[in-house]
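Below is one structure, written out as structure tokens, with a few remarks after it.
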Amino acid sequence: MNSVDKIIKKKVTLDEISKMYNIEEYSELCNLIKNMINANKIIPIKSSGGNGKNPTLCNRYFIIKKVEDNSKLIDEINFKFNINMDMSYYRTHIEKYKEHRKYLFQLNEFLKSNMKLLNTTVSMNERSFQIWGREKFIQKEIGKTILKNINMSLEFLNYYNTSEPLAYYSRTKEIPQNILVLENKDTYYTMRKFLLMNEDNIFGINVDTVIYGSGKKIIKAFEDYEISVEGYLCNENNVLYYFGDLDYEGIIIYESLYKKFRDKYDIRPFIKGYEKMIDKSKEYELPKTKEGQNKNIGTEFLDEFTEEYQSRIEYILNNDLYIPQEIINICDLMEE
């Protein structure tokens, strides 16, 4: 049964009370109202008028809220938790503390009994399970909110985020080597098939490894690059070529990758591949770009091309056209 105690608002109507308690007989409603008034749960609002029945009941009532004694909870917040848990937020948000209390104590127990486990870096889901017995608690439940409320950082809990594993194929593990990162799946399979044919020269560039970037996902994937691939692919003398669609979004993917990781890796656009796309596009009526593309490109991509190809790329972009990477197929590779 519902109760007026659970109503958030300050006033309630007679009809609302009747429906809330599923009252059918008027005499039963009169007894209920009388008992609630005597129990100091409601106060009649005389200015609301009577309902015109005998005995008369007021049409509206003030709800008397109970003042809860939260002193025990305040003592918990002040004295029960690990020094690394900043409980300031919960001192002023008692209802949230009640909601999160179980999980806060689970974290507190972990810090009390298993602090040494934080010396070893593990994944987010692994750490989440260690603490709460639920692998998605940080990622998809309220774990991040709780950690934010207590000012506990990712660095303190010593976990890392994981991206989808990179798909790649290497024809050799020699270092240094040239690595070709491909935006689209079809082109990745084409280039991989070509390398499996004991070929290694793609448009005049010796290629040792191809990686499937999966569009924008490559940015996140490269944050975990060193734990996603074998050691030879992380060699500082390797060259990483990027090759994708020739449109604003494809260019932005390259420029984002370059800006974020240029201090760590030698990242370049796959010039010969793009030039081949542009030259071959003369045979086709190019498709229009989808609406709403982000056009905020920089100069990092275009500056790598000759003036002739810069001009041709700008013409394509300015006319809202694009060249999909799939314009290249294995026949083009075998012609070279």
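Since this is a predicted model, take the numbers as computed values, not measurements.
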| field | Pair Asn108-Asn82, side-chain contact (heavy atoms from CB on, under 4.5 Å): steps then yes or no | value | CA-CA 6 Å; Asn108 190 62; Asn82 186 279; 3.5 Å; yes

| request: Kindly state whether the ring of Tyr168 and the ring of Tyr212 have centres lying under 6.0 angstrom apart. | output: no

| request: Examine distances only and state if a side-chain atom of Asp332 and a backbone atom of Asn329 form a donor-acceptor pair shorter than 3.5 Å. | output: yes

| request: Please answer whether the main-chain N or O of Tyr232 pairs with a side-chain N or O of Asn238 as donor and acceptor at a distance below 3.5 Å. | output: yes

| note | From the list Lys173, Arg171, Gln177, Glu230, side-chain contact (heavy atoms from CB on, under 4.5 Å) partner of Thr209 resolves to Gln177

| task | Give me the one residue out of His100, His93, Lys96 that meets side-chain contact (heavy atoms from CB on, under 4.5 Å) with Asn149. | result | His100

| said: Let's go through Gln130 and Asn114 carefully: what are the C-alpha distance in whole Å and the side-chain angles of both, what is the deciding distance for side-chain hydrogen bond (donor to acceptor under 3.5 Å, both in side chains) to 0.1 Å, and is it a yes or a no? | reply: CA-CA 9 Å; Gln130 274 185 338; Asn114 297 297; over 6 Å; no

| task | Apply side-chain hydrogen bond (donor to acceptor under 3.5 Å, both in side chains) to the pair Asp279 and Tyr309, showing each step before the final yes or no. | result | CA-CA 9 Å; Asp279 292 340; Tyr309 280 99; 2.9 Å; yes

| Verdict with supporting geometry, Phe137 and Ile131, side-chain contact (heavy atoms from CB on, under 4.5 Å) | CA-CA 9 Å; Phe137 188 74; Ile131 298 171; over 6 Å; no

| request: For side-chain contact (heavy atoms from CB on, under 4.5 Å), just list the numbers for Ile316 and Ile323, CA-CA rounded to whole Å, side-chain angles, deciding distance to a tenth of an Å, and then say yes or no. | output: CA-CA 8 Å; Ile316 291 167; Ile323 308 177; 3.6 Å; yes

| query | Knowing that exactly one of Arg101, Lys98, Arg91 qualifies, which makes a salt bridge (Lys or Arg N to Asp or Glu O under 4.0 Å) with Glu76? | reply | Arg101

| task | Report yes or no: is the cationic atom of Arg192 (NZ for Lys, CZ for Arg) closer than 6.0 Å to the six-membered ring centre of Tyr169, at no more than 45° off its axis? | result | yes

| query | Hey, mind stepping through Asp69 and Ser71 against side-chain hydrogen bond (donor to acceptor under 3.5 Å, both in side chains) and telling me if it holds? | reply | CA-CA 6 Å; Asp69 180 7; Ser71 57; 2.8 Å; yes

| task | May I have the step-by-step check of side-chain contact (heavy atoms from CB on, under 4.5 Å) for Tyr89 and Ile150, ending in yes or no? | result | CA-CA 7 Å; Tyr89 170 85; Ile150 62 173; over 6 Å; no

